[in-house]
Peer 1: 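Shown below is the structure under consideration.
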Amino acid sequence: MIVGESVAGLVVAAAVNPVPWARAQMAFTLAFHIILVPLGVSWAFMTLIANYRGIRRADHDALVLAQRWSKYMAVTFAVGAVTGTVLSFEFGLLWPRFMGVYGDAFGIPFAFEGLFFFTEAIFVAIYIFGWRRLRPWPHFWTGVPIVIAGIFGSISVVAANAWMNAPAGFTMDANGEITKVEPLEVIFNDAMPLQAAHMLIAAYLVGGFLVASVYATGILRGRDDRYHRIGFTIAFTVAAIMTPIQMGVGDALARWVYNNQPVKFAAIELVPTTSSDVPETLLGRLNADGTISGGIPIPGLASWLSDPSSGRSTVVQGLDTVPVDERPTIRETNTVHLAWDVMVGLGTALFLLSVWYGLTWLFRRRMPRSRWFLRAAACSGVLAVITMEAGWIVTEVGRQPWIVYNRMKVEEAATANAGVWITFIGVFLLYAALGVTTILVLRGMSRRFRRAGGFVDGDTPYGPTPEAAAEDGQEEGQEQVGLETAVVEERAP
């Protein structure tokens with residue numbers, strides 16, 4: 001009874017204070033949406049690789065793959081558009097004070113993102129409907145703007161987040177109101193280059209592993225045919241190439257944090273007081289008295305990684321160098337540290353898996369056929385998503401208590417509406433239904449494609465329409481005739 005009353009009291013208290021609910025809703029919707037971002041950014045690129053191979057080599061399986069991927073891509077793009085729109089409204093609904101003060105600057109990157117989004121949407125439609133309406137190479141090139149728009153749209157959004165970590169490009173008067181904005185300085189703030197590169201590479205890495213994991217699962221279940229091997233090879237190769245690059249960019253970004261956000265870095269490394277020869281503590285947790293319990297310390301490694309030129313003598317600023325209300329809480333610090341360990345640990349595991357794949361391809365000119373490799377590859381998609389989510393936890397929780405670094409705190413930015421908990425529950429239920437529906441639609445499409453064996457409903461790339469094929473009596477040979485005729489015509493002088 002006492003426990004029940006305590007829980008009820010906490011719920012009532014939380015309902016009165018809108019800040020925890022606003023943070024929870026924003027965190028949940030961001031965590032959901034960020035899963036779709038890698039697919040929206042990278043899937044078009046992988047589709048074009050398959051499309052190019054299909055045209056260049058008259059490869060039937062590659063064209064089947066490209067056409068199917070374009071349809072999957074359209075579904076995830078549509079769902080991402082919905083979840084992204086919700087996020088844009090949440091900035092105004094959940095953080096009205098933040099938008100009221102800094103909206104003139106913060107909104108600039110999103111204006112550019114809107115232009116790239118609509119460009120991407122237009123060309124996604126052209127690409128999908130162009131399979132039977134355009135010649136092969138013109139159709140292929142309609143997919144290129146999708147890739148470009150996806151890249152720059154992602155960079156635009158990350159530029160806004162980077163601005164929160166390194167605010168720049170605006171002038172404030174004595175009343176705290178923005179009087180002048182420099183758009184280029186807002187977009188190209190100090191944090192933007194490394195953060196944008198880190199997220200863009202992550203999109204290709206996570207998207208590649210996600211798609212490859214589906215085909216690895218199919219091969220493990222007995223669908224070890226050329227179609228599945230091509231699907232796996234294209235996606236996994238993209239991810240494997242991006243993995244070592246991401247580790248280098250991540251290392252550079254960590255050093256940027258060390259130099260520009262020392263309190264966040266202290267939370268990452270569990271450094272309660274300023275010191276040199278700081279160990280890299282694997283796992284472990286910070287206690288309220290400033291001591292660290294548990295974990296495996298590696299002597300001097302955190303200092304050395306912070307600045308290799310100074311080695312273990314590098315001084316790392318501690319959490320106690322700023323007032324308590326200007327640094328993450330003990331709980332937030334432990335969350336950041338754990339998320340960092342998860343990100344680095346799983347990222348290293350994915351790197352080793354990529355090395356396995358790369359060495360096998362280098363010496364045997366084929367993908368690894370070991371079932372252990374395929375099992376690991378089948379798990380790589382989920383592991384890559386967890387790694388990405390952990391990285392964003394480090395970025396966002398590590399910046400606490402600031403929403404705009406060293407300028408505005410989260411509590412100062414949040415809505416005063418005590419009914420936010422109601423919208424959180426509504427959004428949670430909506431997103432749960434949306435997620436389940438998306439999975440069911442994608443699985444239904446997959447089963448339908450497998451039953452069809454080839455192109456679906458006479459939808460042959462670069463072939464005649466079903467009506468034209470029926471009139472000419474070509475229905476049975478439509479798939480091969482459409483492909484071969486289109487390729488021959490494209491190669492003709």
Side-chain angles (χ1 to χ4, degrees), residues 38-39 42-73 75-76 204-243 349-385 439-457 459-461 479-480 482-484:
L39 296 176
S42 66
W43 214 341
F45 177 74
M46 293 185 285
T47 300
L48 286 185
I49 294 175
N51 198 167
Y52 178 87
R53 180 188 179 102
I55 298 173
R56 191 73 175 175
R57 302 185 182 181
D59 189 328
H60 175 272
D61 290 324
L63 273 186
V64 173
L65 188 70
Q67 188 191 41
R68 292 180 180 180
W69 278 359
S70 69
K71 294 182 178 180
Y72 292 136
M73 181 178 70
V75 173
T76 56
Y204 280 84
L205 186 155
V206 176
F209 280 127
L210 267 176
V211 175
S213 67
V214 174
Y215 290 89
T217 302
I219 294 172
L220 284 170
R221 292 180 177 178
R223 295 190 287 273
D224 190 7
D225 50 36
R226 187 170 179 273
Y227 170 83
H228 280 79
R229 289 195 297 272
I230 292 175
F232 177 86
T233 300
I234 292 174
F236 201 91
T237 299
V238 169
I241 291 172
M242 293 298 173
T243 302
L350 293 172
F351 170 73
L352 294 175
L353 186 64
S354 300
V355 171
W356 185 353
Y357 174 84
L359 291 176
T360 302
W361 192 270
L362 179 64
F363 291 107
R364 299 185 180 181
R365 309 304 299 173
R366 62 170 176 81
M367 60 175 279
R369 305 306 299 273
S370 165
R371 292 189 68 82
W372 282 109
F373 172 82
L374 290 172
R375 290 188 186 103
C379 297
S380 65
V382 173
L383 296 180
V385 170
I439 293 172
L440 291 177
V441 169
L442 293 175
R443 286 179 60 85
M445 291 171 66
S446 177
R447 285 194 295 266
R448 180 165 168 255
F449 288 148
R450 284 204 302 272
R451 286 196 299 267
F455 304 118
V456 179
D457 298 334
D459 192 13
T460 309
E479 291 183 8
Q480 192 63 25
L483 173 58
E484 292 178 353

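Values below: every heavy atom of this structure, side chains too, minus hydrogens, waters and symmetry copies. The structure presented is a predicted model; accordingly, all values stated were derived computationally and were not measured.
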Peer 1: Would you say that Trp356 contacts Leu352 through its side chain, given a criterion of any heavy-atom pair below 4.5 Å between the two side chains?
Peer 2: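 Not in contact.
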Peer 1: Compute whether any side-chain donor of one residue and acceptor of the other, for Tyr215 and Thr233, lie under 3.5 angstrom apart.
Peer 2: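 Looking only at side-chain atoms, Thr233 and Tyr215 do not form any donor-acceptor pair under 3.5 Å.
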Peer 1: Using a 4.5 Å cut-off on heavy atoms from C-beta on, say whether the side chain of Ser380 contacts that of Leu353.
Peer 2: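 Yes, close enough: below the 4.5 Å cut-off.
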Peer 1: Any pair with a residue in residues 45-54 that passes salt bridge (Lys or Arg N to Asp or Glu O under 4.0 Å), sequence neighbours left out, goes on the list, sorted by first then second residue, please.
Peer 2: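 Every salt bridge (Lys or Arg N to Asp or Glu O under 4.0 Å) pair that includes a residue of residues 45-54, provided the two are not neighbours, is Arg53-Asp59.
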Peer 1: Is any side-chain heavy atom of Met367 closer than 4.5 Å to a side-chain heavy atom of Phe236?
Peer 2: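 With C-beta onward as the side chain, the pair stays apart.
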Peer 1: Would you call the rings of Tyr72 and Trp43 parallel, tilted or perpendicular, taking 30° and 60° as the class edges?
Peer 2: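 Ring orientation, 0 to 90° scale: parallel.
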Peer 1: For Thr243 and Ala239, indicate whether the former's side chain and the latter's backbone hold a donor-acceptor pair under 3.5 Å.
Peer 2: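 Side chain of Thr243 to backbone of Ala239, a donor-acceptor pair under 3.5 Å: yes, one is there.
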Peer 1: When rounded to the nearest 0.5 angstrom, what is the spacing between CG in Asp61 and CD1 in Ile230?
Peer 2: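 If we round to the nearest 0.5 Å, Asp61:CG and Ile230:CD1 are 5.0 Å apart.
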Peer 1: Would you indicate whether the side-chain heavy atoms of Ile234 and Leu65 approach each other to under 4.5 Å?
Peer 2: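 The answer is yes, as the side chains (C-beta and beyond) meet within the 4.5 Å cut-off.
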Peer 1: Return the OG1 to CZ distance between Thr217 and Arg223, rounded to the nearest 0.5 Å.
Peer 2: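 That separation rounds to 8.5 Å.
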Peer 1: Could you give the distance from CG (Leu63) to OH (Tyr52), rounded to the nearest 0.5 Å?
Peer 2: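 Leu63 atom CG to Tyr52 atom OH measures 13.5 Å (nearest 0.5 Å).
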Peer 1: To the nearest 0.5 Å, how far apart are CG in Leu205 and CZ in Phe351?
Peer 2: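 Spacing of CG (Leu205) from CZ (Phe351) equals 11.5 Å.
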Peer 1: What residue among Val385, Leu350, Val211 forms side chain to side chain contact (heavy atoms under 4.5 Å, CB included) with Val206?
Peer 2: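 Among Val385, Leu350, Val211, the one that satisfies the side chain to side chain contact (heavy atoms under 4.5 Å, CB included) with Val206 is Val385.
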Peer 1: Residues two or more places apart in sequence or in another chain: which of them pass salt bridge (charged side-chain N to carboxylate O under 4.0 Å, His left out) with Asp224?
Peer 2: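 With sequence neighbours excluded, Asp224 shows a salt bridge (charged side-chain N to carboxylate O under 4.0 Å, His left out) to Arg229, Arg369, given in chain and number order.
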Peer 1: How about Phe449 and Tyr227: are their ring centroids closer than 6.0 Å?
Peer 2: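 Ring centres of Tyr227 and Phe449 not closer than 6.0 Å.
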Peer 1: Nearest 0.5 angstrom please: Asp225 CG to Ile219 CD1, how far?
Peer 2: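 It is 8.0 Å, given to the nearest 0.5 Å.
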Peer 1: When you look at CZ of Arg364, are more than 12 heavy atoms from neighbouring residues, nucleotides or ligands closer to it than 6.0 Å?
Peer 2: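 No, because the 6.0 Å sphere around CZ of Arg364 holds 12 heavy atoms or fewer from other groups.
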